[in-house]
Amino acid sequence: MTLKQLTLPSAAVLLAWYDRHHRDLPWRVSPSMAARGILPDPYHIWLSEVMLQQTTVAAVKAYFAKFVSRWPTVGDLAAAPVDDVMAAWAGLGYYARARNLKKCADAVASEHGGRFPDTEEGLRALPGIGDYTSAAVAAIAFDRQAAVMDGNVERVISRLYAISTPLPAAKPLMKQKVVALTPPVRPGDFAQAMMDLGATICTPKRPACALCPFNGSCEALQLHDPEHFPVKAAKKTKPVRQGAAFVAVNDAGKILLRRRIDSGLLGGMTEVPTTAWTARIDGDMTVDAAPFAANWQACGTVVHVFTHFELRLSIFRASVGARSKSNDGWWEPVTNLDAQALPTVMKKAIAQAIPRAFD
DNA sequence: CACGCGTGGGT
DNA sequence: TACCCAAGCGT
């Protein structure tokens, strides 16, 4: 059988699709505005791009609104205490992003006069800004001809050219293809169009090829197998770890909290006292590792799945006197937990011990 | 280059 | 249900 002749993919075709089908997002300006030279606020683009790293648009929207309302400029963010930023980021995950966000704001304020660098290279030198984010901010906020490659673009490109080399080995080739396709005009719209296409049409499962502006150019569609791309290495099985968490409430209605060290898992975030999280040993955890002696009561287990392991936390609760001391940490009113930098796993642990803690 | 690093939504 | 995975970065 003969295959239908494919046309070369064209940036102009994608931009025309984007003019009609772009998503309206809080950090964007519309393509018609951008066409008149109205560029978005670099602070908004940078903030949204960092939040969107490995995170869905739906999860980011509320956090973006909260951050912009509370810290309207990068200078405001630089002036904020880092613990306030961590608390505002709590629940969004990948907390190194929040620490680097603050470091980046500090650098922009103190070393760049409060303005973001307007080139890919200048942006790339800042904390938390890598290959993707530097290209995205340069293209979207500064109209630079930078080629953006994220997970969406990888999927679109891998299908357009039926690239069968598995990721991440295929990235250099994919980058070549994106560079060749990125136009000198409207590079920011082109980048956003590629990502919108990947998010709404060229989806991982059941792509809507009939609606795709590239459906006359797509080698994977011609092979009748777009879902096969991109090819990825097999995943490893997720190990299980086990630990115990201790929720102490004193007579004044305060709970004992601690701050985790800045590095590693949940770095710089707030926690209730816990044991180390070790490779699973069958059987229940005991109270031997409690922060102090008390009438600890077992109150169930919390299961929480991280990226690289599953955690099974045995939860213990104790009521103690108001004058109880602890070697480290502080006593926080249960009514003020919403203002703390508590990651989701810790909120689940506290809610297990105090079911109405977050009402 | 491989790994550590969160969470919630979609299927 | 049990996956999959989403606008990646740092080491």
Side-chain angles (χ1 to χ4, degrees), chain A residues 22-23 25-28 40 44-64 86 89-101 103-104 123-141 146-156 166-172 178 188 190-200 202-207 227 230 232-239 241 260-269 271 277 303-311 341-348:
Chain A
H22 63 91
R23 290 177 292 175
L25 299 173
W27 44 87
R28 283 185 173 175
H44 290 182
I45 297 303
W46 162 73
L47 178 61
S48 66
E49 290 298 347
V50 173
M51 288 182 167
L52 287 161
Q53 290 165 5
Q54 297 291 285
T55 307
T56 58
V57 166
V60 162
K61 280 183 175 174
Y63 284 86
F64 177 81
M86 301 304 290
W89 196 276
L92 200 54
Y94 284 148
Y95 298 101
R97 292 185 295 172
R99 296 194 299 275
N100 287 330
L101 188 85
K103 287 180 191 169
C104 184
L123 290 158
R124 182 67 175 80
L126 291 166
I129 298 186
D131 289 339
Y132 164 75
T133 304
S134 57
V137 175
I140 298 168
V148 165
M149 195 171 69
D150 73 326
N152 288 304
V153 177
E154 286 172 3
R155 189 167 54 255
V156 172
L167 285 170
K171 281 191 178 185
V178 184
F190 178 81
Q192 294 175 97
M194 288 287 280
M195 293 188 282
D196 277 17
L197 189 71
T200 64
C202 195
T203 48
K205 303 296 179 189
R206 301 186 49 161
E227 278 190 27
K232 296 182 178 181
K235 292 179 175 57
K236 301 178 177 178
T237 60
K238 194 162 291 192
R241 297 185 199 175
R260 293 174 66 90
I261 61 173
D262 279 327
S263 60
L265 185 70
L266 309 177
M269 300 297 283
E271 66 174 3
W277 300 343
V303 177
H304 188 80
V305 181
F306 292 99
T307 304
H308 53 299
F309 67 94
E310 175 184 316
L311 176 65
L342 289 165
T344 297
V345 62
M346 291 300 157
K347 289 189 174 180
K348 285 161 74 172

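Chain identifiers are assigned alphabetically (A, B, ...) following the order of the sequence lines, protein sequences preceding nucleic acid strands; residue numbering begins at 1 within each chain. Hydrogens, waters and symmetry mates are skipped; everything else that's a heavy atom, side chains included, is used.
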Would you confirm whether A:Arg241, through its side chain, and A:Phe309, through its main-chain N or O, come within 3.5 Å as a donor-acceptor pair?
no

Here the gap from A:Gln54 atom CD to A:Leu92 atom CG, rounded to the nearest 0.5 Å, amounts to 12.0 Å

Under 4.0 Å protein heavy-atom contact, by nucleotide of nucleotides 6-11 of chain B - B base, S sugar-phosphate only
BBS---

Closer to the 5' end of DNA chain C via nearest nucleotide, is it A:Asp196 or A:Pro127?
A:Asp196

Every stem of 3 or more Watson-Crick or G-U pairs under 3.5 Å that DNA chain B joins, in order of first number, is B:2-5 with C:8-11, B:7-11 with C:2-6

Could you check whether A:Arg23 gets within reach of a base, just the sugar-phosphate, or nothing at all, counting any heavy atom under 4.0 Å?
base

Return the value, rounded to whole Å, for the distance between atom CG of A:Leu123 and atom P of C:dC9.
12 Å

Point-to-point distance, once rounded to the nearest 0.5 Å, from OH of A:Tyr132 to CD of A:Gln53
8.5 Å

Tell me: CG of A:Leu101 to P of C:dG8, nearest whole Å?
16 Å

Rounded off to whole Å, could you give me the CD1-to-C1' distance for the A:Ile261 and B:dG4 pair?
14 Å

Distance test, side-chain N/O of A:His308 to OP1/OP2 of B:dC5, below 4.0 Å
yes

Look at all strands and tell whether A:Trp89 reaches a base, only sugar-phosphate, or nothing, counting heavy atoms closer than 4.0 Å.
nothing

So, A:Lys171 side chain and A:Glu154 main chain: donor-acceptor pair closer than 3.5 Å or not?
no

Both A:Gly128 and A:Ser48 contact DNA chain C. Which one's nearest nucleotide lies toward the 5' end?
A:Ser48

Measure OH/A:Tyr132 against P/C:dG8 and give the value in whole Å, please.
7 Å

Looking only at atom types and distance, does a side-chain atom of A:Ser134 sit under 3.5 Å from a main-chain N or O of A:Asp131, one as donor and one as acceptor?
yes

Hey, is the main chain of A:Leu265 close enough, under 3.5 Å, to the side chain of A:Arg260 for a donor-acceptor pair?
yes

Expressed in whole Å, how much space separates the P atoms belonging to B:dG6 and C:dT11?
14 Å

Would you mind reading off the distance between A:Leu52 atom CG and C:dC9 atom P, rounded to a whole angstrom?
12 Å

Whole-Å distance, A:Asp262 CG to C:dG10 P, equals 16 Å

In whole angstroms, how far is the P atom of B:dA2 from the NZ atom of A:Lys171?
11 Å

If the threshold is 4.0 Å, N to carboxylate O, is there a salt bridge linking A:Glu310 and A:Lys238?
no

Walk me through whether A:Trp27 and A:Leu47 qualify under side-chain contact (heavy atoms from CB on, under 4.5 Å).
CA-CA 9 Å; A:Trp27 44 87; A:Leu47 178 61; over 6 Å; no

Output, in order, the C-alpha distance, side-chain angles, deciding distance and verdict of side-chain contact (heavy atoms from CB on, under 4.5 Å) for A:Asn100 and A:Ile129.
CA-CA 9 Å; A:Asn100 287 330; A:Ile129 298 186; over 6 Å; no

